[in-house]
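It should be emphasised that the depicted structure is a prediction, and the values quoted were computed from it without experimental measurement. Just the heavy atoms: all of them, side chains too, but no hydrogens, waters or symmetry mates, feed the values below. Proteins get letters first, then strands, A, B, ... in listed order; numbering begins at 1 in each.
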There are 2 protein chains.
Amino acid sequence: MERVIRLLLAYDGTAYCGWQRQRQGEATIQAALETALQRICGHPLTVHGAGRTDAGVHALAMVAHFRTHVPHPLTAFSKGLNSLLAPDIRILGAQETNADFHSRFSACAKIYRYDFYTEEVMPPGLRLYMGHLPGAFNPQPARQVLAQLVGTHDFSSFERAGSRNLQATGGRGAVRTLMQTSCEPIPYIQNGWSIRLQGDGFLRQMVRIIAGTVIEIGQGKRPATGITDILAARDRKAAGLTAPACGLFLEQVIYPPE
Amino acid sequence: MERVIRLLLAYDGTAYCGWQRQRQGEATIQAALETALQRICGHPLTVHGAGRTDAGVHALAMVAHFRTHVPHPLTAFSKGLNSLLAPDIRILGAQETNADFHSRFSACAKIYRYDFYTEEVMPPGLRLYMGHLPGAFNPQPARQVLAQLVGTHDFSSFERAGSRNLQATGGRGAVRTLMQTSCEPIPYIQNGWSIRLQGDGFLRQMVRIIAGTVIEIGQGKRPATGITDILAARDRKAAGLTAPACGLFLEQVIYPPE
């Protein structure tokens with residue numbers, strides 16, 4: 001009987017070319033999981049993830065699923081899988097789920113967090129897990145702009161140039177809905193900040209371009225009043241810089257109650 | 001005129017074989033600093049550090065010094081030096097100091113911190129900066145033992161076997177004084193703990209062996225009452241495991257007021 005196994009996992013993206021399987025020889029999270037799971041299950045399989053994080057991006061709670069007919073206990077897919085994976089990928093949980101569950105298509109929302117540091121010298125132990133964007137940061141204009149981004153908009157200006165793929169987006173183009181946004185100091189890191197976005201879907205590099213733009217606004221390099229114009233432009237060049245990948249974390253994938 | 005330059009620096013020890021210069025080709029913090037400073041100063045020089053951290057050990061505030069006659073402004077040894085170093089070593093400050101200052105011999109105390117994590121699965125983003133020692137941890141017996149270690153003792157049992165070098169210890173053998181010890185939860189990491197030791201000097205691997213022993217006691221693997229016997233044994237085999245290097249941080253070097 002075919003089983004659908006749902007995994008909850010965390011990873012440090014530093015050493016990987018992102019989530020998605022690439023050409024032979026490029027380390028990706030998906031390929032690492034598939035290789036290890038094929039050893040456990042003894043048959044070829046595909047691991048589907050809730051989101052395709054880019055190179056260097058981290059996840060605190062990615063959800064993924066795969067299909068198998070082996071009768072192994074679930075610990076084979078948590079403890080057993082961890083024993084085959086490098087320590088920069090950790091399975092936090094494995095459960096049996098219903099046949100029509102799909103980690104990506106069943107998700108109704110995701111929360112991404114962008115962590116950044118604004119002092120001049122980056123502490124070595126933080127450099128892999130925060131964007132380094134030096135310059136005095138005022139959260140008030142940043143929050144004002146983040147509040148204006150809540151709602152349903154065409155986010156073309158916040159999408160990596162040339163990445164649109166209409167088929168993959170299910171025909172909704174660059175229209176996405178942000179339900180919640182925030183910008184808060186990291187309590188234990190002086191001059192460290194987190195920007196959080198909860199949305200029903202995210203375009204390629206959308207979180208990093210929003211973060212880069214909002215940080216420029218908080219640092220006074222760009223007026224807070226310009227956000228309506230940036231959205232209206234539907235042009236990547238209207239927005240700010242793409243914040244570095246290392247500060248981005250997939251924090252949560254949300255599914256409707258069963 | 002000869003100048004003595006005092007540096008304050010932080011480093012991520014993950015990629016290094018420790019502080020001290022080794023054979024050609026082995027990356028060490030000292031060698032990285034000397035190579036970069038020789039480029040800046042144009043003459044051979046030696047960088048002396050306050051402590052010789054082992055492979056994989058980190059520093060939040062190491063103090064070091066070197067001698068030069070070049071008239072460069074101090075920013076050459078902070079910003080300038082940072083531009084030549086890899087981002088896992090960062091100069092936090094450079095100042096001119098008096099001719100008889102020595103980063104190691106002038107220091108009157110050092111504070112080391114050992115961070116560890118006791119849950120079963122290690123979060124990938126913490127794995128390089130905390131020891132992973134799974135098992136429920138009770139801080140009460142750990143604190144009791146740490147309090148007993150305060151004072152002047154022969155710490156032979158907490159020294160890496162075979163590392164005694166009487167000349168290097170200035171004749172005081174394995175006698176050291178711990179002024180303060182503590183064990184506190186890390187506020188932002190559930191089941192993360194910090195053990196801090198302030199002492200006038202530390203034997204090879206002393207902090208890691210004390211941490212390993214104290215963690216075993218907090219996890220009920222060793223009785224708290226045994227600490228007097230461990231000290232009295234003057235034998236490495238009497239103490240517990242050497243906690244992994246990645247959890248250890250040199251947190252502060254203390255000098256007498258000038």
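- Atom OH in Tyr114(A) sits 13.0 Å away from atom CD1 in Ile210(A) (nearest 0.5 Å).
- Of the charged side-chain nitrogens involved, none lies within less than 4.0 Å of a carboxylate oxygen, so that Lys221(A) and Glu216(A) do not count as a salt-bridged pair.
- Both the backbone and the side chain of Pro87(A) come within less than 4.5 Å of a heavy atom of chain B.
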Quick one: do His48(B) and Ser103(B) satisfy side-chain hydrogen bond (donor to acceptor under 3.5 Å, both in side chains)? Show the steps, please. CA-CA 7 Å; His48(B) 300 273; Ser103(B) 54; over 6 Å; no
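- Both the backbone and the side chain of Arg90(A) come within less than 4.5 Å of a heavy atom in chain B.
- Between Glu251(A) and the options His58(A), Lys110(A), Arg196(A), a side-chain hydrogen bond (donor to acceptor under 3.5 Å, both in side chains) holds for only Arg196(A).
- Classification of Glu184(A) and Arg143(A) as a salt-bridged pair holds, one side-chain N sitting under 4.0 Å from a carboxylate O.
- For a residue to count as touching a neighbouring chain, one of its non-hydrogen atoms must lie under 4.5 Å from one of that chain's; by this rule Ile186(B) does not touch chain A.
- Proximity to chain B (any heavy atom under 4.5 Å) is restricted, for Asn82(A), to the side chain, taken from C-beta onward.
- Heavy atoms of Leu60(A) lying under 4.5 Å from chain B are absent altogether.
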